[in-house]
Novice: 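Encoded as structure tokens, here's the structure I'll be asking about.
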Amino acid sequence: MKKAIKTAVFTLLFLTLSVSTAYLAYLHFFSSDEKGLSGEWTANLDMTEQAAVTALIWLQDIEAVSISPEDMESYMQDLTIQINLTLEQTDHGEGTFHSSVLPENYDSCNQAAYEAFAMAFQDLLAQRLRMAGYTDSTDRETIEALVEETFGMSTVSYLMSCGPELLPPLEDLQIQYDGRGTYEAIDGILTRQFDASWPVATRVERYIQEDSSLILSEENGSAEPGLFLDYYPMLYTLKQPSNQ
């Protein structure tokens with residue numbers, strides 16, 4: 001009797017251990033990768049340095065006044081363009097994707113860049129007027145009124161019309177980042193096959209996924225001719241669903 005009980009207990013423990021081991025193996029190999037890269041991811045392209053350098057070069061041509069890179073950076077801050085990347089897994093390590101640059105987000109960043117540019121321009125213009133012996137007020141409101149009287153438009157509009165392009169054209173960014181198609185994720189390599197063959201048919205990137213972060217970097221030798229904008233590595237953050 002005792003032997004039978006021991007045998008039953010041993011068998012029960014063995015079955016429990018086997019089920020637990022199988023369940024843990026499932027969690028490790030399948031459950032943890034159930035969704036793979038699926039989700040809505042967003043990345044922010046930092047345009048601050050490019051906008052600041054471009055504005056600085058243009059402003060340095062104003063006669064008899066100077067501005068340092070540090071001064072320019074104090075005007076241009078947190079200029080980013082959002083890139084959206086949606087990945088939907090359809091099979092283990094495979095799925096579909098859709099990526100895009102939102103025009104309204106680009107317009108917002110561009111407007112912020114030129115508003116910062118206008119502030120720097122107004123401050124340098126005020127300095128130049130004081131150096132020339134101008135004795136009236138040189139606050140921003142007065143300088144803005146002088147610009148409108150001289151050029152028939154606001155400082156921001158004048159700089160947008162006659163100044164340099166602070167950001168890459170939206171069309172160039174769309175060529176770089178817009179597209180849809182299928183993907184394959186194997187051994188840390190993300191291969192995206194675009195539906196349209198222009199300007200790129202396939203893009204190969206290394207990826208690292210850590211919780212709600214996804215880092216994409218260019219795979220060696222995968223750069224396509226004509227894609228001159230290179231902002232790798234790209235840090236994407238998983239968009240968390242809003243609480244209902």
Side-chain angles (χ1 to χ4, degrees), residues 28-53 76-110 112-113 166-242:
H28 178 74
F29 291 105
F30 296 100
S31 181
S32 62
D33 192 44
E34 182 179 355
K35 292 184 63 179
L37 301 178
S38 289
E40 296 181 25
W41 303 85
T42 60
N44 291 313
L45 290 179
D46 192 344
M47 297 284 105
T48 307
E49 183 177 357
Q50 175 168 333
V53 170
M76 302 277 187
Q77 295 184 11
D78 300 325
L79 299 175
T80 60
I81 297 175
Q82 183 173 300
I83 309 298
N84 293 334
L85 174 62
T86 300
L87 298 167
E88 183 177 352
Q89 182 168 297
T90 57
D91 198 355
H92 185 68
E94 298 178 356
T96 61
F97 75 89
H98 175 222
S99 58
S100 62
V101 180
L102 297 181
E104 55 268 29
N105 178 262
Y106 175 89
D107 292 341
S108 176
C109 181
N110 194 52
L166 299 182
L167 305 183
L170 174 60
E171 293 76 12
D172 289 349
L173 290 173
Q174 289 174 327
I175 288 174
Q176 178 85 344
Y177 295 105
D178 281 13
R180 63 175 65 243
T182 59
Y183 76 84
E184 184 178 58
I186 299 178
D187 296 333
I189 301 294
L190 176 65
T191 303
R192 288 190 276 165
Q193 186 74 37
F194 288 76
D195 288 344
S197 59
W198 185 88
V200 56
T202 304
R203 182 170 298 172
V204 181
E205 299 157 305
R206 290 190 175 275
Y207 76 89
I208 299 174
Q209 182 184 10
E210 182 69 29
D211 296 327
S212 59
S213 297
L214 176 65
I215 301 174
L216 298 183
S217 58
E218 184 180 9
E219 173 67 350
N220 292 336
S222 68
E224 293 85 7
L227 293 182
F228 50 87
L229 296 173
D230 189 0
Y231 294 102
Y232 287 116
M234 295 282 291
L235 172 61
Y236 286 87
T237 302
L238 183 64
K239 182 179 179 181
Q240 301 297 332
S242 57

Novice: Assess, by modelled atom type and distance only, whether the side chains of Tyr106 and Gln174 contain a donor and an acceptor separated by less than 3.5 Å.
Specialist: no
Novice: Once side-chain hydrogen bond (donor to acceptor under 3.5 Å, both in side chains) is applied, do any residues pair with Asn84, and if so which ones, sequence neighbours excluded?
Specialist: Gln82
Novice: So does Leu79 get a backbone contact from the side chain of Thr48, meaning a donor-acceptor N/O pair under 3.5 Å?
Specialist: yes
Novice: Of all the heavy-atom pairs spanning Ile81 and Cys109, show the shortest one and how long it is.
Specialist: CG1-SG, 3.8 Å
Novice: More than 12 non-hydrogen atoms from neighbouring residues, nucleotides or ligands closer than 6.0 Å to CG on Asp78, yes or no?
Specialist: no
Novice: Tell me the salt bridge (Lys or Arg N to Asp or Glu O under 4.0 Å) pairs involving residues 79-106, sequence neighbours left out?
Specialist: none
Novice: Heavy atoms, side chains only, cut-off 4.5 Å: are Leu167 and Leu173 in contact?
Specialist: no
Novice: So, using side-chain contact (heavy atoms from CB on, under 4.5 Å) as the criterion, who are the partners of Leu238 when residues are at least two apart?
Specialist: Trp41, Ser212, Gln240
Novice: Checking Ile189 against Arg206 for the side chain to side chain contact (heavy atoms under 4.5 Å, CB included) test, could you report, in this order, the C-alpha distance in whole Å, the side-chain angles of both residues, the deciding distance, and whether it holds?
Specialist: CA-CA 5 Å; Ile189 301 294; Arg206 290 190 175 275; 3.6 Å; yes
Novice: Side chains of Thr202 and Gln193: any donor to acceptor distance under 3.5 Å?
Specialist: yes
Novice: Looking at every non-hydrogen atom in both residues, tell me the closest pair between Met76 and Ala113 and how far apart they are.
Specialist: CE-O, 3.5 Å
Novice: Quick one: pull up CZ in Arg192 and OG1 in Thr96 and give me the separation to the nearest 0.5 Å.
Specialist: 12.0 Å
Novice: What's the separation between atom CZ in Phe97 and atom OG1 in Thr86, rounded to the nearest 0.5 Å?
Specialist: 11.0 Å
Novice: Starting at CD1 of Ile83, measure out to CG of Leu235 and round the result to the nearest 0.5 Å.
Specialist: 13.0 Å
Novice: I'd like to know if the side chain of Ser217 reaches the main chain of Pro233, judged simply by a donor and an acceptor atom lying under 3.5 Å from each other, with no hydrogens or angles considered.
Specialist: no
Novice: Flag yes if more than 12 heavy atoms outside Gln77 fall under 6.0 Å of its CD atom; otherwise flag no.
Specialist: yes
Novice: Could you measure the distance from the CG atom of Leu170 to the CD1 atom of Ile175? Nearest 0.5 Å is fine.
Specialist: 10.0 Å
Novice: Looking at CD of Gln176 and CG of Leu45, how far apart are the two atoms once the value is rounded to the nearest 0.5 Å?
Specialist: 8.5 Å
Novice: How close do Leu190 and Leu37 get, heavy atom to heavy atom, and via which atoms?
Specialist: CD1-CD1, 4.0 Å
Novice: Of all the heavy-atom pairs spanning Gln89 and Ser38, show the shortest one and how long it is.
Specialist: N-OG, 2.7 Å
Novice: State, to 0.1 Å, how close Val101 and Tyr177 come at their nearest heavy-atom pair, and which atoms those are.
Specialist: CG2-CB, 3.9 Å
Novice: Quick one: pull up CD1 in Ile215 and CD in Glu210 and give me the separation to the nearest 0.5 Å.
Specialist: 8.5 Å
Novice: Can you name the nearest heavy-atom pair linking Ser99 to Leu85, along with the distance?
Specialist: CB-CD1, 3.8 Å
